Student: 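I have a structure I would like to understand better, so I am pasting it below and will then ask my questions one at a time.
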Amino acid sequence: MNEQKRYFSRELLSWYRANRRDLPWRRHSNPYYTWVSEIMLQQTRVETVKPYFERFIALFPTVEALAEAPEEEVLKAWEGLGYYSRARNLQAAAREVKAQYGGSIPDDKAKVSALKGIGPYTAGAIMSIAFNRPEPAVDGNVMRVLSRYFRLHDDIAKAGTRAHMEHLAQELIPEGCASEFNQALMELGALVCMPKSPACLPCPVMEHCAGRIAGEELMLPVKTKAKPPKPELRYAAIVEGAGEHAGKVLVRQRPDTGLLARMWELPHLLAPKTGGLLDLREEEAMEALRHGMQSEGVRLKPIGHWTDAEHTFSHIHWQMRVYRCVIEDTSSGIAGGKYAWIGPEEMERLAFPNLFLRLLHAYFAERRQNG
DNA sequence: AACTCGGGGTA
DNA sequence: TACCCAGAGTT
């Protein structure tokens, strides 16, 4: 190994020992904490994860507790965090760990990698952080740091690049210090070698950083940009209950797979296309909503426009127009367990994506004010 | 290799 | 606005 690499490992480790953040999942050495935190941290910032992690561990303190919990409670604990398959995969894996390994996460990379929701990065993170095994844990942070320090122009959006980075990252791990070193690499990316404005002056390895020396720290890493989310106009119904359902609204559970799987939502549908024009007149929109809901067995009458809402996912942008509706025919009932009438109390048990969480809170707040 | 899967922070 | 974030699973 050359001097640039030895310098990097030595100085980074030393810097980390003096600058490591006090994070909830670092307070105790517990492979379950490492596991839960790493799943939550996928594509999610540290500050966002902190309160979720605290609540999650309080609710499900051990692998067994998580394995034995109802899935709805796990989804509810994940509400608002996004990428909800992470929560379902985490619990499925916890059940596997309980059944196959007596509740202890195996100190074995192949077995850890085989668990649901654990890919190359998370397997490396668990093996290194929890068990101090010299495995690379290459995420976006690490690829950015390595791209800059070694001045690598490989496109980090390409799959092949990660393999190269993993080889390099593994080589850099100091003997017996995998846990600290891998966390140091990510800590540097988060605190110093940031995406937009890297703080090179206080950086512990700036002296031999090839990217900075070449004046390329702002152009690295090279990454092809993602295509913009596809816009979708949607019509949603806020259905006000009457009679025994007074004060409640109609909600619907999403299918078992796909976007927001098994989460609850306001009933809504994709607006029919109108010969190139995306927008419809108000009456036509309400008719489309009535007709679409009727085909699902829900007979309702839109009364008028209530509010608009927008929400952007990674690949879709929803523009949602929400209409006040009343139920037309309660005698037919709402078929299946897919629909439910809920008030503010029932809301506390069902898991909603943030878009609908905000709409429901706004609606119930409005009801409390207007009576 | 490309697409699917949330939500929010930040410049 | 645009980009990014302690990525994984599916096709």
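This one's a predicted model, so the numbers in the text were calculated from it and none came from an experiment. In the text below, chain A, chain B and the rest are named by the order of the sequence lines, each starting its count at 1.
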Student: With nearest nucleotides of DNA chain B determined for A:N354 and A:A159 from heavy-atom distances, which residue corresponds to the more 5′ nucleotide?
Tutor: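 The residue mapped nearer the 5' terminus is A:A159.
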
Student: Please identify which of these residues, A:K230, A:E310, A:E232, meets the side-chain hydrogen bond (donor to acceptor under 3.5 Å, both in side chains) condition with A:H317.
Tutor: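 Testing A:H317 for a side-chain hydrogen bond (donor to acceptor under 3.5 Å, both in side chains) against A:K230, A:E310, A:E232 leaves exactly one candidate, A:E310.
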
Student: Are A:L59 and A:Y52 in one and the same hydrophobic cluster, where Ile, Leu, Val, Met, Phe, Trp and Tyr link if side-chain heavy atoms are under 4.5 Å apart?
Tutor: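 Yes, because A:L59 and A:Y52 connect within a single hydrophobic cluster, where side-chain heavy atoms sit under 4.5 Å apart.
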
Student: More 5' along DNA chain C: A:L23 or A:N89, using each one's nearest nucleotide?
Tutor: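 Closest to the 5' end, via its nearest nucleotide, is A:L23.
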
Student: Do you see a donor-acceptor pair shorter than 3.5 Å between the side chains of A:R144 and A:N141?
Tutor: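 Short answer, yes.
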
Student: Counting any heavy atom closer than 4.0 Å, what does A:P228 reach on the DNA or RNA strands: base, sugar-phosphate only, or nothing?
Tutor: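 Here A:P228 touches no strand at all.
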
Student: For the side-chain contact (heavy atoms from CB on, under 4.5 Å) test, which of A:V112, A:L90, A:N30, A:L66 pairs with A:W35?
Tutor: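 Exactly one option meets the side-chain contact (heavy atoms from CB on, under 4.5 Å) with A:W35, and it is A:L90.
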
Student: Under 30°, 30 to 60°, or over 60°: which ring-plane class applies to A:F181 and A:F8, parallel, tilted or perpendicular?
Tutor: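 The rings of A:F181 and A:F8 stand perpendicular, inter-plane angle above 60°.
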
Student: Between which nucleotides of DNA chain B, read 5' to 3', does contact with chain A run, using atoms under 4.0 Å from its heavy atoms?
Tutor: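 Counting from the 5' end, contacts occupy B:dA1 to B:dG9.
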
Student: Contact class for A:R262 (heavy atom, under 4.0 Å): base, sugar-phosphate, or nothing?
Tutor: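 Nothing: the residue A:R262, judged by heavy atoms under 4.0 Å, touches no strand.
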
Student: First and last nucleotide of DNA chain C touching chain A, 5' to 3', heavy-atom cut-off 4.0 Å?
Tutor: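 Span of nucleotides near chain A: C:dC3 to C:dG9.
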
Student: At 4.0 Å (heavy atoms only), tell me whether A:L355 reaches a base, stays on the sugar-phosphate, or touches nothing.
Tutor: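 The answer is nothing, as A:L355 stays clear of every strand by at least 4.0 Å.
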
Student: Categorize A:G80 for me: base, sugar-phosphate, or nothing, with a 4.0 angstrom heavy-atom threshold over every strand shown.
Tutor: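 Sugar-phosphate contact only - A:G80 comes under 4.0 Å of backbone atoms but never of a base.
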
Student: Hey, which of A:M186, A:E135, A:R26 is the one that makes side-chain contact (heavy atoms from CB on, under 4.5 Å) with A:I129?
Tutor: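 For A:I129, the side-chain contact (heavy atoms from CB on, under 4.5 Å) test succeeds with only one of A:M186, A:E135, A:R26, which is A:M186.
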
Student: Measure from the ring center of A:W264 to the ring center of A:F356 and say whether it is less than 6.0 Å.
Tutor: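 When the ring centroids of A:W264 and A:F356 are compared, they turn out to be at least 6.0 Å apart.
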
